[in-house]
Amino acid sequence: MEERSGRALTGATIAKMLMSNFERLPDIDQKIFIYGPAYLAGNGGLAGLVSNSLYRRALNIKQAAFTSSLPMAVMPFLTTYALYNAAVSNPLLHGDLNCPSCALIRGALVGVVGAGVYPILLALPVNIAIASRYNTAPLPEKGNVLRYFVELSRPIMRKMRAVLVLQALFGTYLGSRNFESYTKLAKITFDSGREELKD
């Protein structure tokens with residue numbers, strides 16, 4: 001895009017133009033753009049609670065239920081929300097992400113990594129620390145720690161496969177819908193800009 005004087009538009013100018021027309025999007029597109037990342041992050045929080053529960057059962061932990069559940073719900077929620085906004089939403093609103101397949105892949109990766117793998121990996125050290133504090137399960141000696149973590153996590157990862165697929169699908173869908181909204185927003189913004197230039 002170029003202005004009347006022939007200079008190219010800067011990224012800041014494009015972002016300002018897109019944001020000024022955001023209210024002109026259909027209501028459903030605005031809501032998906034604003035609240036969609038929170039739903040994906042909520043799924044990440046639920047995945048954290050499920051993985052926490054699976055590790056607690058595997059390690060026979062009965063104590064500190066609230067202490068381990070709170071960070072397992074909050075940390076994946078905040079991380080996924082921030083990751084999605086940094087990787088998909090903000091680049092779209094600043095005009096930096098113009099590739100539909102890139103938006104889909106970024107959405108899927110945020111879904112799998114931020115809302116799937118991260119909660120599972122976070123639950124492991126939290127529950128190992130609680131198990132060692134309350135002596136609920138025999139913990140390995142120093143040389144076998146990594147093997148013990150892998151053996152402990154293998155059945156939990158098998159059970160969480162469906163969650164990972166669900167997060168990937170939801171992240172892909174959300175990235176797709178946000179890119180459609182961005183396409184509509186760009187059309188509204190730049191078509192109205194052309195009409196102003198013609199006048």
Side-chain angles (χ1 to χ4, degrees), residues 11-12 14-19 21-22 25 27-56 66-129 149-150 153-154 156-186:
I14 292 172
K16 192 183 219 183
M17 291 169 67
L18 289 171
M19 288 303 293
N21 288 311
F22 186 76
L25 276 175
D27 198 37
I28 187 72
D29 288 326
Q30 289 181 29
K31 286 183 179 176
I32 288 176
F33 216 96
I34 294 170
Y35 300 118
Y39 289 121
L40 183 64
N43 284 345
L46 287 175
L49 291 174
V50 169
S51 62
N52 184 52
S53 173
L54 292 172
Y55 276 112
R56 287 177 66 82
F66 183 75
T67 307
S68 67
S69 296
L70 184 65
M72 291 309 305
V74 173
M75 291 298 293
F77 179 87
L78 295 176
T79 303
T80 304
Y81 190 80
L83 268 175
Y84 191 85
N85 281 326
V88 182
S89 296
N90 287 343
L92 284 173
L93 286 178
H94 287 90
D96 295 333
L97 184 59
N98 296 319
C99 169
S101 58
C102 298
L104 295 178
I105 291 170
R106 286 183 182 197
L109 282 174
V110 170
V112 169
V113 174
V117 175
Y118 175 67
I120 296 168
L121 293 178
L122 184 63
L124 178 62
V126 168
N127 287 294
I128 289 289
F149 287 170
V150 170
S153 299
R154 189 171 289 147
I156 292 169
M157 288 297 282
R158 260 188 246 121
K159 291 176 184 174
M160 294 292 286
R161 263 190 262 171
V163 172
L164 294 173
V165 170
L166 178 70
Q167 299 294 56
L169 291 175
F170 189 57
T172 304
Y173 171 74
L174 191 59
S176 166
R177 286 301 304 261
N178 281 353
F179 191 81
E180 286 176 23
S181 299
Y182 164 73
T183 306
K184 291 177 188 176
L185 182 61

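Throughout, residue positions are numbered sequentially from 1 according to the sequence presented. Because only heavy atoms are used, hydrogens play no part in the values below, and waters and symmetry mates are left out as well, while side chains stay in.
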(message) What's the separation between atom CG in L122 and atom CG in N52, rounded to the nearest 0.5 Å?
(response) 9.0 Å
(message) Using 0.5 Å steps for rounding, measure from the OG atom of S69 to the CZ atom of R56.
(response) 6.0 Å
(message) Checking the side chain of S176 only, and the main-chain atoms of T172 only, is there a donor and an acceptor separated by less than 3.5 Å?
(response) no
(message) Strictly distance-based, threshold 3.5 Å: is any side-chain N or O of S51 a donor or acceptor partner for the main-chain N or O of G48?
(response) yes
(request) State whether the side chain of D29 and the backbone N or O of L25 hold a donor-acceptor pair below 3.5 Å, judged by distance alone. (result) no
Taking distance alone, no hydrogens or angles, what donor-acceptor pairs closer than 3.5 Å link side-chain atoms of residues 94-121 to residues at least two apart or in another chain?
{"unit_1": "H94", "atom_1": "ND1", "unit_2": "N90", "atom_2": "O", "d": "2.7"}
{"unit_1": "N98", "atom_1": "OD1", "unit_2": "Y182", "atom_2": "OH", "d": "2.4"}
{"unit_1": "R106", "atom_1": "NH1", "unit_2": "A87", "atom_2": "O", "d": "2.7"}

(request) Calculate, to the nearest 0.5 Å, the distance between atoms CE and OG1 belonging to M75 and T80 respectively. (result) 10.5 Å
(request) Can you measure from CG (L40) to OH (Y173) and round to the nearest 0.5 angstrom? (result) 13.0 Å
(message) How close do Y84 and P37 get, counting heavy atoms only, and between which atoms?
(response) CD2-CG, 3.4 Å
(message) Checking the side chain of S53 only, and the main-chain atoms of L49 only, is there a donor and an acceptor separated by less than 3.5 Å?
(response) no
(request) Mind checking the CD1-NZ spacing from I34 to K31? Nearest 0.5 Å is all I need. (result) 9.5 Å
(message) To the closest 0.5 Å, what do you measure between CG (L78) and CG (L83)?
(response) 11.0 Å
(request) Check each of L92, V88, L185 against F33 using the side-chain contact (heavy atoms from CB on, under 4.5 Å) test, and report the only one that passes. (result) L92
(request) State, yes or no, whether a side-chain contact exists between L166 and R161 at a heavy-atom distance under 4.5 Å. (result) no
(request) Could you check S153 against Y55 for side-chain contact (heavy atoms from CB on, under 4.5 Å), going step by step and ending with a plain yes or no? (result) CA-CA 8 Å; S153 299; Y55 276 112; 2.8 Å; yes
(request) Please report the closest heavy-atom contact between A47 and Q167, naming both atoms and the distance. (result) CB-NE2, 4.3 Å
(message) List the residues meeting ring-ring contact (aromatic ring centres under 6.0 Å, His included) with Y35, not counting sequence neighbours, and say none if there are none.
(response) none
(request) Please step through side-chain contact (heavy atoms from CB on, under 4.5 Å) for the pair L174 and Y39, ending with a clear verdict. (result) CA-CA 10 Å; L174 191 59; Y39 289 121; over 6 Å; no
(message) With side-chain contact (heavy atoms from CB on, under 4.5 Å) as the criterion, how do R158 and R154 come out once you've worked through the C-alpha distance, each side chain's angles and the decisive distance to 0.1 Å?
(response) CA-CA 6 Å; R158 260 188 246 121; R154 189 171 289 147; 3.3 Å; yes
